[in-house]
J.: 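Please read through the structure below; I'll follow up with questions.
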Amino acid sequence: MSRQVVRSSKFRHVFGQGLKTDQCYDDIRISQMTWDSNFCSVNPKFVAMIVDASGGGSFIVLPLNKTGRIDMSYPTVCGHTGPVLDIEFCPHNDNIIASGSEDCSVMIWEIPEGGLTTPLSDPVVKLEGHSKRVGILSWHPTAHNVLMTAGCDNVVILWNVARGEAVVRMDTVHTDLIYSACWNRDGSQILTSCKDKTLRVLDPRKGTVITEKEKPHEGSRPARALFVSDNKILSTGFSRMSERQVALWDPNNFKEPLTLQELDTSSGVLLPFFDPDTGIVYLCGKGDTSIRYFEITPEAPYVHYLSMYTGKDSQKGMGYMPKRGLEVNKCEIARFYKLHERKCEPVVMTVPRKSDLFQEDLYPETIGPEPSVEADDWFNGKDGQPILISLKEGFATTTKTKEFKVSKSLLKTTTTTTAAASVGDRGGEIEILRKEVKQMKQALEELTNTVKELQSKQ
């Protein structure tokens, strides 16, 4: 195979850097559960981590700025009766988070502005429909209040969260344990990997298989898969000799991979994270000390190794910040939240640039927090493309997020939860008004200075 000596790419010099100790979240007892989920979810307001809990399951939610040592008595979200296996923040409302547990239930929580001050044990919604533990959660990328869950009962359920009801139930598709499940960019397809060594592309509303690939990786250890650019599929798994592999597939021609690379012989499952804006895929191995990153291009050989960030300690889980939460003035293209045994360490990926100006080539318009279709419309067949935002001015997290509404007639929600949520909403509104007043004062001062300069010139 002929190979170029140097391939032109603006991401060849991406480098990773762990933040200093005072910018980490210290003294957190990360969960010891042997489950291959991320154990962490993050957005521009909060970072959430699954923690060890005696009797039941819980996770901790911290405001991003609450770094340093976290007190043992810090309140947690503790409504599950079994260990929590997966958590994920809603992409359309930064205060809403879903959790799946060994107690077979899924719970939706509303985190008040500024974080928790008392333990939270009453969910806004409780979703019950799985007969075994629920280990996979994924919010729909464009439809409001649509959640996918997958359990150890080999069932995938699509929920209308606001109504608290299971709308689509896929219980005959998978013959064995589901390892991963994710949406494509507009949420019109679902991709799953399974213990029966098959990748499946599903129609989410019909619950039928569009196309499938048997034995994408020969090994018996868990495989992962996700959609990347142009609806191609990237999978990670193991060879027959237990070597870790990464492969790229075209679902329209599933017979042979576009490319398949062997990485190493480590035993940890590779968690893939894809950035559609830059075309970079990050592979984080559970139990590894490193994060590898590759660039995906439309031309052969398709997957190009860029570099590797290596830290001191092994990672027990990993959170991935949405693009709107990055610091664009520092040319930050990705930020991970790496879980150690007793702390969470942010790892920043940057592209070195000399200029302080906004780098338009690094930050094309990216997916914003606004949904493009409501749950009922989506279940009735309407698709919605992601609504894009520009990061040029540094995306403000104070923009009005999509309100989380629950149909009271269909759900039994406690008055205390609703009251707490409304207090949190008022606190958030006051904070927004304060910031707006501050901005107006600054604008007025600038205007006054300009008038004085003009008068002095005359």
Side-chain angles (χ1 to χ4, degrees), residues 25 27-43 46-62 70-90 95-112 115-139 147-153 155-157 159 161 164 166 177-181 222 269 271 286 315-319 337-344 413-414 416-417 420:
Y25 307 87
D27 215 15
I28 298 168
R29 294 177 300 136
I30 303 299
S31 173
Q32 301 291 320
M33 285 295 293
T34 52
W35 186 256
D36 292 323
S37 73
N38 299 348
F39 280 22
C40 179
S41 185
V42 62
N43 66 27
F46 302 106
V47 55
M49 295 158 274
I50 302 175
V51 293
D52 254 346
S54 54
S58 62
F59 59 95
I60 193 167
V61 181
L62 302 170
I70 307 301
D71 196 273
M72 287 280 284
S73 60
Y74 193 88
T76 59
V77 182
C78 52
H80 286 285
T81 56
V84 178
L85 300 177
D86 198 13
I87 50 175
E88 187 171 315
F89 276 110
C90 175
N95 296 64
I96 298 294
I97 187 168
S99 60
S101 166
E102 214 166 70
D103 64 12
C104 309
S105 71
V106 176
M107 294 185 182
I108 313 297
W109 309 87
E110 185 157 15
I111 309 299
L116 297 175
T117 51
T118 56
L120 188 57
S121 57
D122 293 319
V124 183
V125 186
K126 185 175 182 180
L127 307 173
E128 294 178 302
H130 287 282
S131 59
K132 291 187 179 177
R133 58 184 180 173
V134 185
I136 299 169
L137 304 171
S138 184
W139 289 94
L147 179 70
M148 168 173 61
T149 63
C152 293
D153 49 8
V155 176
V156 175
I157 300 179
W159 304 85
V161 173
L177 181 67
I178 300 164
Y179 285 141
S180 70
V269 175
L271 307 176
K286 274 219 160 182
Q315 54 224 17
K316 293 178 67 65
M318 195 68 74
Y337 285 74
K338 175 181 170 178
L339 301 187
H340 300 237
E341 203 136 307
R342 286 192 74 90
K343 78 169 182 177
C344 173
T413 53
T414 59
T416 50
T417 310

J.: In Å and rounded to the nearest 0.5 Å, what is the CD1 to CD1 distance from I50 to I28?
T.: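 So the gap between those two atoms works out to 13.0 Å.
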
J.: Using every non-hydrogen atom in the two residues, find where S138 and A181 come nearest and quote the distance to one decimal.
T.: CB-O, 4.2 Å

J.: Taking C-beta and beyond as the side chain, do W139 and L137 meet within less than 4.5 Å on heavy atoms?
T.: no

J.: Hey, is D27 close enough to K343 for a salt bridge, meaning N to O under 4.0 Å?
T.: no

J.: For S180, give me all partners under side-chain contact (heavy atoms from CB on, under 4.5 Å), at least two apart in sequence or on another chain.
T.: S193, R224

J.: Using 0.5 Å steps for rounding, measure from the SG atom of C104 to the NE2 atom of H130.
T.: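 Separation between the atoms: 9.5 Å.
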
J.: Measure the shortest side-chain to side-chain distance between V106 and I157 over non-hydrogen atoms and say whether it is less than 4.5 angstrom.
T.: no

J.: Suppose we screen for side chain to side chain donor-acceptor pair (under 3.5 Å). Which residues come up paired with S101, at least two apart in sequence or across chains?
T.: D103

J.: Would you check if N38 and E88 make a side-chain contact, meaning some heavy-atom pair closer than 4.5 Å?
T.: no

J.: Identify the two heavy atoms, one from G319 and one from V42, that lie closest to each other, and give their separation to 0.1 Å.
T.: C-CG1, 4.0 Å

J.: Just wondering, do F39 and Q315 contact through their side chains at under 4.5 Å, heavy atoms?
T.: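 Result no, sub-4.5 Å side-chain heavy-atom pair not found.
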
J.: Under a 4.5 Å cut-off applied to non-hydrogen side-chain atoms, are R133 and W35 in contact?
T.: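 Yes - at least one pair of side-chain heavy atoms lies under 4.5 Å apart.
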
J.: For the atom pair CG (D86) and OG (S37), what is the distance rounded to the nearest 0.5 Å?
T.: 4.5 Å

J.: Give me the atom names and distance for the closest heavy-atom approach of P123 to S121.
T.: CD-O, 3.5 Å

J.: For T149, does its backbone N or O pair with a side-chain atom of W159 as donor and acceptor, under 3.5 Å?
T.: no

J.: Find out whether V134 and L85 are in side-chain contact, i.e. whether some heavy atom of one side chain is under 4.5 Å from a heavy atom of the other.
T.: no

J.: Kindly compute the distance separating CE (M49) from CD1 (I70), expressed to the nearest 0.5 Å.
T.: 7.0 Å

J.: Could you pull out the closest heavy-atom pair between Y74 and L116, with the gap in Å?
T.: OH-O, 3.8 Å

J.: Can you find a pair of side-chain heavy atoms, one from I30 and one from H340, that are under 4.5 Å apart?
T.: no

J.: Do I87 and S99 have side chains that get closer than 4.5 Å, going by heavy atoms?
T.: yes

J.: Show your working on side chain to side chain contact (heavy atoms under 4.5 Å, CB included) between I60 and Y25 and close with a plain yes or no.
T.: CA-CA 11 Å; I60 193 167; Y25 307 87; over 6 Å; no

J.: Taking the side chain from N95 and the backbone from E110, do they hold a donor-acceptor pair closer than 3.5 Å?
T.: no

J.: Is there a donor-acceptor pair under 3.5 Å between the side chain of S131 and the backbone N or O of D153?
T.: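 Side chain of S131 to backbone of D153, a donor-acceptor pair under 3.5 Å: no, none is there.
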
J.: Which value, rounded to the nearest 0.5 Å, describes the distance between L147 atom CG and I96 atom CD1?
T.: 11.5 Å

J.: Checking W109 side chain against V77 main chain: does a donor-acceptor pair fall under 3.5 Å?
T.: no

J.: Distance check, rounded to the nearest 0.5 Å: D52 atom CG versus R342 atom CZ?
T.: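 Taking CG in D52 and CZ in R342, the distance rounds to 9.0 Å.
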
J.: Could you check whether any side-chain N or O of K286 sits under 3.5 Å from a backbone N or O of K316, counting only pairs where one atom can act as donor and the other as acceptor?
T.: yes

J.: Between L339 and C344, does a side chain to side chain contact (heavy atoms under 4.5 Å, CB included) hold up when you go through it step by step?
T.: CA-CA 5 Å; L339 301 187; C344 173; 3.9 Å; yes

J.: Return the minimal non-hydrogen interatomic distance between L127 and G164, and the atom names on each side.
T.: CD2-CA, 3.8 Å

J.: Looking at C152 and L177, what are the two nearest heavy atoms and their distance?
T.: SG-CD1, 3.7 Å

